[in-house]
Amino acid sequence: MIDAISLSVFQNAIHSIAEEMGATLRRTAISPNIKERRDYSCAIFDAKARVIAMGDHMPVHLGSMPLSVEAAVCALKLRRGDVAILNDPYAGGTHLPDITLVMPIFAADRDDLIFYAAARAHHADVGGMFAGSMGPAREIYQEGLRIPPMRLVRNGIMDEEVLSLILANVRTPVERSGDLAAQIGACRVGAERLQELAQKYGDQTPALCDELLNYSERLMQSVLRKMPAGEFVGEDFLDNSTTVDAADANPVRIRGTLRFSPNDATIEIDFAGSSPQVIGSINAVFSITYSACFYVLRCLLPADAPATAGLMRPVRVTAPVGSIVNATPPAAVAAGNVETSQRIVDVLLRALAQAAPQIVPAASYGTMSNLTIGGTDLRRNAAPFAYYETTAGGMGARPGSDGPSGMHAHMTNSLNTPIEALEYAYPLRVQRYSYREHSGGAGRFHGGDGIIREIELLSDAQVTLLCDRHRIGPYGLAEGKPGAVGRATLTRANGDRESLPAKSTTFAKRGDRIRIETPGGGGWGKPD
Amino acid sequence: MRIAIDTGGTFTDCVYLQDGQLRILKVLSTPDDPSLAVLQAVRDIIAADPDHQGVVEVRHGTTVGTNALLERKGARVAFVTTAGFEDTIAIGRQARPSLYDWSFVPLPPLVPRELRFGIAERVSSEGKVVVPLSEEAIASLGAQIRISEAESVALSTLFSFLHPAHEARIASALAPLGLPISVSHRIMPEFREYERASTVCVNAYLAPKMGSYLRNLQQTLSAEFSESQASVMQSAGGIMDAVTAADEPVRTVLSGPAGGVIGAYQVALQAGYTKVIAFDMGGTSTDVSLIDATQGGPRITAESIVSGLPIGVPMLDIHTAGAGGGSIARWDAGGLLRVGPESAGASPGPICYGTGLDATVTDANVLLGRLDPDGFLAGGIRLDTARMRSQMDSQRGILPNAEAFAEGILRIVESTMEKAIRLVSIERGHDPRDFTLIAFGGAGPLHACALARLLGIPRVLIPALPGALSALGILFADQVRDYSRTLMLQADDDQCERLLQGELIRLQAGAPLADNVLRQPGADLRYQGQGYELNIPWRNSLPHMLSEFHQAHHLHYGFSDKARKVEVVTVRLRIIAPAVRWEPTLQDAVAKDSRVAITSTRPVLFAGAWADTPVYDRALLRPGDAFAGPAIISEYSSTTFLPPGDRVIVDTLGNLIIEVGA
């Protein structure tokens, strides 16, 4: 029998280990995307591969990390000293740039598997037809190297053959290898701490993990009991699947239904009625959809609630197979993680606003405005480079306050790359970084403003965009107005200016400038 | 005479040396103008010394800057930067502070939109001018600032540290406005534009208030005493003169806590301990920091966040956890007991103070007999135990009784503090078993032994003058100035060593000369491409420095790779004028019966069982006194709980040295 005090102390300890893994990864990684922007997550799983702690890093990883560990554990017989690697969206991954490492942890003095540690990071390039591996692909084979669960480290020793295969398929192998070393380092820190922890708690450890999950389940149930019974439907659209083919330029529907049963403290979330999967990279695999649901429900809990598998026990998520929210091979998925995930949240919030109007904000900017620039750096003997960045926008207005401006919302919380760090690392020069004034939707409370970021190329490079909300702005609530749609412009060195489609790739020249303007948030309440 | 004055609390603590003896004076603080208490104390001390002659040196730990920042009562600042980047300081790092909260309200930036000015100019990452700065642009900026009614100017342009000429020209053109101007390449010549601009804006925000405060203080001192000198404790743990502090107040925002850490360090060194963890537990939070004299003493960081704002000038690396005597216990919806970070503060305070409603750590300590309900602040506050007991009983949730609830609260708050100490020790490659825990603050000595046991720390030290530790640190702190500049060199470049040395010589040339100063040169290194650096001392050889870097990386992160390329990011120079050392007079250890210090006994609950426990009055303890737990040692400002299995001895300096049992 586990007492409430021991459980609280255990939860505190396990959470701080997940945080320490994250700090190690951040401090030793190479690519600005990880070290400066913190696009990573670290999590701890019990011996039954159920998530019991996760650092507060990236919400989009909430529901998808567990599926990675499950996939690695099912596919491989992991032994002491092994580290599995995977990125296959159809086998535990999300989109190819997110590479996850999974390490089984055995007791220091016995042969018992006690925990798993996992570290995921978004790598700035994993090969494929677009530098930065985040482009308007048509099928997954174009998106980069696909790694099913396999061993990167065997019995404590790096498998150089596996590593060399990976590095041979990416544009920036030195950076990749440094980042993977940082991920392995994070797992090893986790292993050391978890072994100590297991020694301290001994045979009680499994029972503590069970109780932590039961506790989380009770926490979620307490929220679900307070929700109104019934069915609430929300719907929203992605602008289009790809702007490369005119035929695919139609809006893509996502429909979500929330069914609350407060009496038995459960909820069903059903995505029936969503569009079939499309040609283009906005398809989301199921783990992304699950993460979006996890995120929305997590927001209803107190701030210090631990993100464990127990939270989702009272929740059932279904999505039609082969749809935009549960894609099957060979659909391309790069933007499912970053764009569709945000739209799923918009859909869920629209439905939730009917059930709990007093707490739900209007739609936020709803697009991570993914920009990748890749080429060779003329300043450094034509060394290859790949720059990846997402840009924040305006957050939706809340019932009671304006939406914040220029801040990441919902499924991401990555930081910006400091301009001076970016210019040291890449042949790029930032010309402007500012709020985009008057882009927030009007309302009794205003939506936040988006951002303008303009970058000049100092070397020829391929510029790829994955954006959305360039046609359909973020919705307002309670008669609030929508936020302004986003825009992207390329200004050639000679002054010629062209509008870039939201999902596109361009070979640009030295001296050209790319300008991104991100959407504002929706307003809340009728404008005065 | 040198007088150290800490104005942080209800009382203004003054510590000074007279006839080789350490003396203490406490006067009531004057929060509206802290200098009134400071001046009163100085007058009293000087008046009481008939032999006084020579310089009156007032060393000041001040909260004027801290409070102005926390309460957002600083100056109206104009922020000037490269055109196109006026919003940088507002956008920050574009991340939200709370991940799962839809209704959070972000802190407004220090400088509103109408006071942010862009100027056409640009320097590249190689330090070359890409867009030249024109006289017309400077003139128009001056006009705009003049009509803006700004009280202070913050100037931070992109890559200013590589090419300071633009900022220098702008600053000299704005000088006729008569406003204090904070310039980025002088205050923090380091890369990362947001952190640098934020630091410079904080400086500008505090400059008028701190400037006039310190100038007034210095003037009044000069008027009253023939020779006088005011100086200020920096957040980095060193003293700097008041004139510099008035120009660079951003270096003083954690002046008071820095005094506490340096005080703890001084006490540890005098008592013969070189590796210590300072543990300061107050009413709302706990500050911990690790000090290893064998590795240069207190750790410094350039990554602090104060009141939501990044501050990049060096500060002591103090980690704060939301755990204090007033931390509130509550059951969450899943049935887990949580303690803190919410605090009952001074009002309503813990239940036992009479008006509080929520169970706190202090209530748990009173209920378990560890705090004396009658002797609180020497009887100044009488606690309402009957009400406290019934409230605790009604809030105990599923636990069998109020005692189990109280013990649970302590276990949880101790696990939060354990986490904080692990973060500054184990997570940075230090083994707590090699350290001594120095406990201070109102609640530190109550929890120190339990905490030491959780972490395997073998020894706890409760300093002799816990109430004046911060002032003591200020009195004995060295004078320190920090200089730095980002260079971003590749270590395998033939020029690297030469450039690094050249920069150190340049930094030294800008530092004041004195015979007795120590120079601590160093640089921040990292593997090429990493985003965080490790500070490595410079010992006149680049290969030596690199090998120290690989070792340090292994210590901190568990791996290193000599084949990987290394970057020399920022060069640093610390100039130290050591304080005059003071050898305390040791009291003789007399073997006597320490039981004469027992004033009463009372039941204390430990590990589920009540035991009659002697209460010692610390004022009656003498060097050499030794006894074993369980015991309570009571003094004016705090209470030490000595659990069964631990043993205390009073050392010749009056410190309590506790050997923690297994």
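Both backbone and side-chain heavy atoms feed into the values below; hydrogens, waters and symmetry mates do not. This is a predicted model, so every value here is computed, not measured. Residue numbers begin at 1 in each chain, while the letters A, B, ... track the order of the sequences.
Of the two parts of B:Thr416, the backbone and the side chain both hold a non-hydrogen atom closer than 4.5 Å to a non-hydrogen atom of chain A. For chain B, the nearby part of A:Glu196 is the side chain; its heavy atoms alone come within less than 4.5 Å. With a 4.5 angstrom heavy-atom cutoff, A:Leu349 touches chain B only via side-chain atoms. With a threshold of 4.5 angstrom between heavy atoms, B:Val131 does not approach chain A through any atom at all. Within the 4.5 angstrom heavy-atom criterion, no atom of A:Ile184 approaches chain B. With a 4.5 angstrom heavy-atom cutoff, A:Met395 touches chain B only via side-chain atoms. Neither the backbone nor the side chain of A:Glu175 comes within contact range of chain B; no heavy atom of the residue lies under 4.5 Å from a heavy atom of that chain. Using a 4.5 Å cut-off between heavy atoms, B:Ile398 contacts chain A through its side chain alone, with no backbone atom that close. Looking at A:Pro59, the atoms closer than 4.5 Å to chain B (heavy atoms on both sides) sit in the backbone and in the side chain alike. At a 4.5 Å heavy-atom cutoff, the contact between B:Leu162 and chain A is made by side-chain atoms alone. Contacts between A:Ala392 and chain B at a heavy-atom distance below 4.5 Å involve backbone atoms as well as side-chain atoms. Using a 4.5 Å cut-off between heavy atoms, A:Ser6 touches chain B through backbone and side chain atoms alike. Contacts between A:Ile451 and chain B at a heavy-atom distance below 4.5 Å involve the side chain alone, from C-beta outward. Proximity to chain B is limited to the side chain of A:Arg379, based on heavy atoms less than 4.5 angstrom apart. With a threshold of 4.5 angstrom between heavy atoms, B:Phe405 does not approach chain A through any atom at all. Looking at B:Glu407, there are no atoms closer than 4.5 Å to chain A (heavy atoms on both sides), in backbone or side chain.
The pair B:Arg330-A:Asp304 counts as a salt bridge, with a side-chain nitrogen and a carboxylate oxygen less than 4.0 angstrom apart. The pair A:Arg27-B:Glu303 meets the salt-bridge criterion, since a charged nitrogen lies less than 4.0 angstrom from a carboxylate oxygen. Classification of A:Glu20 and B:Arg422 as a salt-bridged pair fails, no side-chain N sitting under 4.0 Å from a carboxylate O.
No side-chain N or O of B:Tyr194 forms a donor-acceptor pair with one of A:Asn416 less than 3.5 Å apart.
In this structure, the separation between OG on B:Ser125 and CD1 on A:Ile419 is 12.5 Å, given to the nearest 0.5 Å. Taking OG of A:Ser414 as the start and CZ of B:Arg93 as the end, the distance is 10.0 Å to the nearest 0.5 Å. To the nearest 0.5 Å, atoms CD (A:Glu456) and CZ (B:Arg122) are separated by 9.0 Å. Taken to the nearest 0.5 Å, the CG atom of B:Leu399 stands 8.0 Å off from the CG atom of A:Asp3. Within the model, atoms OG of A:Ser222 and CG of B:Asp332 stand 8.0 Å from one another, a figure rounded to the nearest 0.5 Å. Here the straight-line distance linking atom CD1 of A:Ile5 with atom CG of B:Leu336 works out to 8.0 Å at 0.5 Å rounding.
You'll find the side chain of A:Val430 reaches within 4.5 Å of the side chain of B:Phe85, heavy atoms only. Between A:Arg193 and B:Ile426 the shortest side-chain heavy-atom distance falls below 4.5 Å. Looking only at side-chain heavy atoms (C-beta outward), B:Tyr100 and A:Val296 stay at 4.5 Å or farther from each other. Taking 4.5 Å as the limit, some side-chain heavy atom of B:Phe104 sits within range of a side-chain heavy atom of A:Pro404. Residues B:Ser124 and A:Glu423 form no side-chain contact, since every pair of their non-hydrogen atoms from C-beta on lies 4.5 Å or further apart.
No other option in B:Thr88, B:Leu423, B:Val130 has as many heavy-atom pairs under 4.5 Å with chain A as B:Val130. Ranked by heavy-atom pairs under 4.5 Å with chain A, the list B:Ala83, B:Gly408, B:Ala404 is led by B:Gly408. Most heavy-atom pairs under 4.5 Å with chain B: of the set A:Leu219, A:Thr28, A:Asp402, A:Asn214, this distinction falls to A:Thr28. For chain A, the option among B:Arg338, B:Lys419, B:Glu86, B:Glu414 with the highest count of heavy-atom pairs below 4.5 Å is B:Arg338. In terms of heavy-atom pairs under 4.5 Å with chain A, the best-connected choice from B:Arg196, B:His553, B:Glu533 is B:Arg196.
The backbone N or O of A:Ala303 lies less than 3.5 Å from no partner atom in the side chain of B:Asp101, so there is not a single donor-acceptor pair. Without hydrogens or angle criteria, A:Ser8 side chain to B:Ile412 main chain gives no donor-acceptor distance under 3.5 Å. Proximity of a side-chain donor or acceptor of A:Arg432 to a complementary backbone N or O of B:Gly84 within less than 3.5 Å is not detected. Side chain of B:Gln94 to main chain of A:Gly406: no donor-acceptor pair is present (N/O by atom type, distance under 3.5 Å, no hydrogens or angles). Under the 3.5 Å distance criterion, the side-chain polar atoms of B:Asp87 are matched with a main-chain donor or acceptor of A:Tyr435. Not one N or O on the side chain of A:Glu420 forms a donor-acceptor pair closer than 3.5 Å with the backbone of B:Phe191. At distances below 3.5 Å, not a single donor-acceptor pair connects side-chain atoms of B:Gln528 with backbone N or O atoms of A:Ile30.
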Q.
For a side chain to side chain contact (heavy atoms under 4.5 Å, CB included) check, start with the C-alpha distance between A:Arg398 and B:Val105, then their side-chain angles and the critical distance, and finish with the verdict.
A. CA-CA 10 Å; A:Arg398 293 77 62 95; B:Val105 178; 4.2 Å; yes
Q: Show your reasoning for whether ring-ring contact (aromatic ring centres under 6.0 Å, His included) applies to A:Tyr424 and B:Phe159.
A: CA-CA 10 Å; A:Tyr424 270 129; B:Phe159 291 108; 5.6 Å; yes
